[in-house]
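The structure appears below as structure tokens.
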Amino acid sequence: MKILFADDEKSLQKLMGMELPRLGHTVTVCPDGVTAIAALEKEDFDCLLVDLDMPGKGGIDVIKKAKESKPDTEAIILTGKSSTESAIAAVEFKVFAYLTKPCRLMELKTLLEGVAKKREQDRRIKALTSRLDRIEGKSKLIGDSSAMEVVNKMIAKVAPSNSAVLIRGETGTGKELVAKAIHDQSLRHSQPFVAVNCGALPENLIESELFGHRKGAFTGAEETRIGLFEVAHGGSLFLDEIGELPKALQAKLLRVLETGEIRRVGENVSIKVDVRIISATHRHIEDMVQDGEFREDLMFRINTFEIQLPPLRERTEDIPLLAEHISRRFWPTIPMTHTVFATETIHALKSHSWPGNVRELANVVEHATILCEELPIQPQHLPRRFSEQTPPTSGERPELRAVSGPLSLRELEMQAIHEALDRHEGSKPLAAEELGISLKTLYNKLNQATANEKTA
Ligand SMILES: Nc1ncnc2c1ncn2[C@@H]1O[C@H](COP(=O)(O)OP(=O)(O)OP(=O)(O)O)[C@@H](O)[C@H]1O
């Protein structure tokens, strides 16, 4: 790390000037606060190591100056005598640690390792947050059909309350997006939104995922871990596919919702949690209750307020807006003034039945943006099932051509890949599994096909 050391004690200046580089850091040694502030004006540092009492400007002035221009600069205060005022200032400026002199080198070494680790974690969090933002996009629900207007009104009404919400709708209709929109418009928006797919977790792991576990609670529980309820404390927990929750867990979840307390697996003390529950399902929960698969009391707990999402085929008027919005996700440089889809392409999109709803539309648009080199996107850029609906045009790409003559081995392979992708609504992992190839191989083949087209 780049460290700025400031202390008026000559012996310490000498010691740090020698020892910090030995610990793998680069150090700028300053004899007082004024010199340290001047150094900060010239360059940035990862960590400040400053004496509190120096003639002219003190350590707090140096930290204040550094945090003004670079708030993520870490600071460790060294001092001969601690005072309440300096301790308060240290808290105000989020100082990493407070060391009273004489400090031991080993202690300082450990602290600096802690600073380096924190900076690494902060960087990772930033990278993950920006990646998540890119993947999730904003929770803005696109669509101005009357059906979506109703949905938006319901979200606005229920969001500020603390009520449990059950979102119903076919797969890919945007249930998670609605859950996020409820959270974003609620008073909890600055707290965590945690999503968990109850259908995707193995049965033996769900309890510990949701409620956490104590070290040694079961084989493999090597460390105490907090569960998603605790992670979501103060915010919202989105239980996707709640119909898939095993019966035993339904009883435990009900108890948590009734008492507001969770108990980590293997622990016998309860912890209070404040979490708003938003659930979603594509299944008919009432039928599941009838068949004894879902607890009726739990159903009444989670469905205080219900939002029904319409399938895409019932709001085809939203398709042009949605398709354009999604295309910019994959192709962010498209100027806002450009027409992205040709009229015939919109017509083909509107004529489809969309069993996979908006997720399927997103896959189709991704496919088209990969194939299309020049806007607007034409029908032949859509997957095969669409080109079968529209008459072929000249200049059509070989792998999208209607089968008229013998195909080369590569064309046959691409045909099989596209058919598998169509069957799985664009899901590459599922298509790869069906074809008996790895996901990586599937990507390689698709990328190769695109590269071949570009050079053809
Ligand atoms: N109204 C919408 N506006 C913009 N994007 C949408 C809309 N509805 C869905 N999407 C997009 O479609 C994809 C699927 O949405 P989402 O995951 O919310 O659906 P879901 O109903 O939760 O699916 P599943 O039932 O499979 O969990 C996401 O990429 C989402 O951003």
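Order of appearance sets the numbers: ligands from 1, and atoms from 1 within every ligand. As the structure is a prediction and not an experimental result, all values here were calculated from the model.
Heavy atoms of Glu241 come nearer than 4.0 angstrom to ligand 1 in at least one pair. A heavy-atom separation below 4.0 Å is not found between Ala362 and ligand 1.
Not one N or O of Leu141 is nearer than 3.5 Å to an N or O of ligand 1, by distance alone. Considering backbone and side-chain N/O of Gly174, one or more are found under 3.5 Å from N/O of ligand 1. Of the N or O atoms in Arg315, none lie within a sub-3.5 Å distance of an N or O in ligand 1. On a distance-only criterion, Ile142 and ligand 1 share at least one N/O pair closer than 3.5 Å.
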- Message: Please evaluate residues His367 and His418 with respect to the criterion ring pair (Phe, Tyr, Trp, His ring centres under 6.0 Å), reporting the C-alpha separation (whole Å), side-chain torsions for both, the decisive distance (0.1 Å), and the verdict.
- Response: CA-CA 10 Å; His367 178 110; His418 283 300; 5.2 Å; yes
- Message: Between Asp318 and Arg315, is the salt bridge (Lys or Arg N to Asp or Glu O under 4.0 Å) condition met? List the steps.
- Response: CA-CA 6 Å; Asp318 285 339; Arg315 51 184 184 107; 3.0 Å; yes
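Contact annotation for Leu361 and ligand 1: no heavy atom of the residue comes within less than 4.0 Å of the ligand. Contacts of Asp318 with ligand 1, taken as heavy-atom pairs under 4.0 Å, are absent altogether.
Close approach of ligand 1 to Leu322 is summarised as follows: ligand atoms under 4.0 Å from at least one heavy atom of the residue are 2 (C), 3 (N), 4 (C). Applying the 4.0 Å criterion to heavy atoms of Glu176 picks out, from ligand 1, the atoms 18 (O), 22 (O). Residue Val358 has at least one heavy-atom neighbour below 4.0 Å for each of these atoms of ligand 1: 6 (C), 7 (C), 8 (N), 9 (C), 10 (N), 11 (C), 12 (O).
With no hydrogens or angles considered, a side-chain donor-acceptor pair links Arg188 and Asn162 at under 3.5 Å. Defined by atom type and a distance below 3.5 Å, a donor-acceptor pair is missing between the side-chain atoms of Gln290 and Asp287.
Atom OH of Tyr98 sits about 14.0 Å away from atom CG of Leu111, to the nearest 0.5 Å.
Screening Asn357, Ile307, Ile167 for a side-chain contact (heavy atoms from CB on, under 4.5 Å) with Lys175, the sole residue that qualifies is Ile167.
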Determine all donor-acceptor pairs shorter than 3.5 Å in which one atom belongs to a side chain in residues 190-199; sequence neighbours excluded.
unit_1: Asn197; atom_1: OD1; unit_2: Gly199; atom_2: N; d: 2.9
unit_1: Asn197; atom_1: OD1; unit_2: Ala200; atom_2: N; d: 3.4

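Arg264 has a carboxylate O that lies under 4.0 Å from a charged side-chain N of Glu230, or vice versa, which qualifies the two as a salt bridge. Salt bridge present: Glu209 and Arg225 bring a charged side-chain N and a carboxylate O closer than 4.0 Å.
Here the shortest heavy-atom distance to atom 14 (C) of ligand 1, taken over Glu360, Arg329, Arg359, belongs to Arg359. When Arg168, Lys175, His325, Lys140 are ranked by how near their heavy atoms come to atom 21 (O) of ligand 1, first place goes to Lys175.
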